[in-house]
Amino acid sequence: MKKPTAVQVVFYAVLLVALLVFPLVVKGTFPTHVMIMVFLFAMMGVAWNILGGYAAMFSFGQVAFFGIGAYTSTILLMNYNVNPWIGLVAGGVLAALMGAAIGIPCSNLRGHYFAIASIAFAEIVRIHFNNWKFVAAAEGLSLPLLPEGVGNFMFHSSKAPYYYIILVFLLLSVLICWYISTNRMGFYLRAIKESHELAKGMGISFVRYRLYAIMISAFLTAMAGTFYSQYILYIDPDSVLILPISVQIVLVAMLGGAGTIVGPVIGAAILLPLSEITRVWLGYKGTGIDMMIYGALIMLISAYRPEGVWGLLTTIGRRGK
Amino acid sequence: MSEQLLAQLMNGLLIGCMYSLIAIGLTMIWGVMNIINFAHADFLMIGMFTSFWLYTLYGVDPLFSIPVCAVLLFVLGWLIYKYLVSKVMTGPGLAQVVVTFGVSIFIANAAVFLWSPDFRMIEKPLLYGTWNFGTVQLSIPKAIASLGSVAVSVALFLFLRKTKTGKAILAVEMNRSSALLMGINTERVNALSFAIGSSLVGIAGAFLSMYYYIYPQVGGTFGLISFCIVALGGFGSIEGAFLAGILIGVVQTLGGYFFDPAYKYAIVFAMYLVTVWIRPQGLMG
């Protein structure tokens with residue numbers, strides 16, 4: 001990892017200040033909502049990247065962790081009156097344990113095998129929640145309204161506090177990803193990605209490091225799930241456990257550039273405004289159009305520009321020098 | 001009670017034959033080029049809609065739209081191989097995994113956009129009604145579709161074993177570089193297998209449209225089930241996929257009968273996870 005240049009430091013500092021003052025300058029709930037969705041999916045894209053980008057485990061089942069996070073904190077709050085912040089940690093731990101439980105049998109699977117296993121896992125979770133009376137099955141859960149405040153993780157008068165919370169979550173995820181990529185674990189994961197056999201020969205326990213990757217990724221994705229349930233205040237299997245959410249997470253990471261730290265953030269910044277705006281513009285008439293655009297983007301990026309936007313930018317940058 | 005069980009068993013066998021035909025195309029593509037076609041079941045949906053529109057607009061019975069579906073999907077498969085899949089064959093692993101995923105999402109949602117997400121059905125196909133064997137009733141379109149699927153599977157099997165092109169495909173499946181050294185045009189074999197695999201699922205779509213609901217997202221469940229079949233049979237094994245298809249059909253219906261119908265697909269997916277864990281090479285791999 002190179003030291004960042006002065007230009008880069010200034011650029012990131014200006015970007016951070018701009019993001020911090022955004023809700024103060026831009027009034028109106030829609031722009032803030034779009035930014036919140038950008039951060040939410042950027043965060044999940046970063047978490048996916050730890051799995052898919054660094055460890056080459058192409059998970060299409062991230063939505064299971066997202067749903068487990070959303071459901072755990074909500075059930076704890078509704079049935080046992082547990083504070084959502086504790087629910088957030090509980091959901092994360094539960095998702096990490098589920099990740100480990102699914103990760104151990106699947107840790108030897110590569111490429112397509114892992115991708116299909118992750119979909120099968122997420123579908124089992126969805127089918128189960130759709131029929132599980134304890135979590136109100138397909139009816140879904142409406143969160144009880146608490147007085148607003150950071151302590152209750154609930155705000156009614158403005159979206160700005162949600163904006164800052166998810167921004168902090170995103171920064172935390174980026175820091176974790178950066179830490180992993182610059183430390184031993186990142187090198188091990190990349191070695192495993194290059195060649196299972198060689199890494200094994202070097203004495204790297206790939207089962208262990210892939211397990212760490214799954215657990216960290218699951219924890220962060222579950223945090224995003226709890227955030228989503230506290231933000232929308234209603235969850236059901238059709239909104240937090242369906243395959244298109246997993247697809248969107250993968251797409252965010254791919255579009256920006258898989259295996260890079262900032263790639264998923266760029267991907268989310270491009271994709272989420274696109275999908276939120278097409279949804280508002282086209283409404284019910286546009287059913288399917290936003291997903292059609294996604295599908296076309298996935299096909300074209302993977303066939304013609306697999307390095308993503310960030311990869312493209314850095315290649316151009318290098319050529320310029 | 002046991003009559004009901006027998007009826008369920010028959011149903012499982014019949015749907016299993018359909019599954020086999022769908023999965024054989026998928027496993028062939030996998031065997032030849034190590035690519036999972038995530039859009040495979042969306043090709044099934046295209047076959048079903050083709051048959052539906054031919055019936056609704058021109059009164060053509062699904063039985064006669066089989067060749068149309070076969071040719072249409074053959075061409076589509078060839079084009080998708082040529083312009084998308086062949087580009088990623090040497091690219092990064094992620095691109096190979098997700099490219100056909102993109103195709104799948106695009107096709108399914110284009111169908112939602114064009115034809116709405118409604119459920120449709122072919123009301124009165126040429127073959128209609130039920131056969132009664134004592135107390136067990138057998139739906140005629142279901143039985144014909146399943147018998148037809150078995151016939152097509154057998155035909156493919158003979159094609160691969162008896163013709164020169166078929167043998168070339170099998171050779172590439174066994175060892176790509178040796179096949180290349182023997183003067184086989186592997187690029188052409190790739191395109192051909194992708195097209196044949198797609199064509200088979202198109203035929204399955206025409207059969208299925210005789211009795212199944214037709215809607216844009218129909219590919220979702222069939223797709224996941226066919227991946228499970230391919231894994232269970234052993235990736236790339238055609239005989240394996242044929243047997244595993246029938247097995248999964250039976251397991252799914254019996255699972256729904258003995259436990260809870262809502263969980264019948266969950267049982268199949270759990271079977272996939274257990275298979276790749278305990279015997280990653282599948283039953284016949």
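For clarity, every value in this text was computed on a predicted model and none was experimentally measured. In what follows, chains are A, B, ... by sequence order, proteins preceding strands, each numbered from 1.
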I'd like to check A/His128 versus B/Tyr263 (side-chain heavy atoms, cut-off strictly below 4.5 Å). Are they in contact?
yes
Taken in chain and number order and not counting sequence neighbours, the residues that satisfy salt bridge (charged side-chain N to carboxylate O under 4.0 Å, His left out) with A/Arg126 are A/Glu123
Straight-line distance of [X] [atom1] to [Y] [atom2], nearest 0.5 Å:
| X | Y | atom1 | atom2 | result |
| --- | --- | --- | --- | --- |
| A/Ser302 | B/Gln96 | OG | CD | 10.0 Å |
| A/Ile289 | B/Asn109 | CD1 | CG | 10.0 Å |
| A/Met299 | B/Phe101 | CE | CZ | 13.5 Å |
| B/Phe269 | A/Ile127 | CZ | CD1 | 5.0 Å |
| A/Tyr304 | B/Leu84 | OH | CG | 5.5 Å |

Could you check whether B/Trp277 and A/Phe114 have their ring centres less than 6.0 Å apart?
no
Residues in residues 217-228 of chain B that sit under 4.5 Å from chain A, counting heavy atoms only:
B/Leu224, B/Phe227
Sort by residue number and list every member of residues 31-39 of chain B having a non-hydrogen atom under 4.5 Å from chain A.
B/Asn34, B/Ile35, B/Ile36, B/Phe38
Against chain B, residues from residues 242-251 of chain A with at least one heavy atom under 4.5 Å, in numeric order, are A/Leu243, A/Val247, A/Val250
Determine the option with the most heavy-atom pairs under 4.5 angstrom with chain A, choosing from B/Leu273, B/Val276, B/Ile278, B/Ile80.
B/Leu273
Based on non-hydrogen pairs under 4.5 Å, which of A/Leu300, A/Ile116, A/Leu297 is most in contact with chain B?
A/Ile116
Turns out that what part of B/Ala231 lies under 4.5 Å from chain A's heavy atoms comes down to neither
Give the minimum heavy-atom separation between A/Ala120 and B/Tyr272, together with the two atoms involved.
CB-CD2, 4.2 Å
If you apply the rule side-chain contact (heavy atoms from CB on, under 4.5 Å), what do you find for A/Phe58 with B/Val98, and how did you get there?
CA-CA 9 Å; A/Phe58 310 128; B/Val98 300; 5.8 Å; no
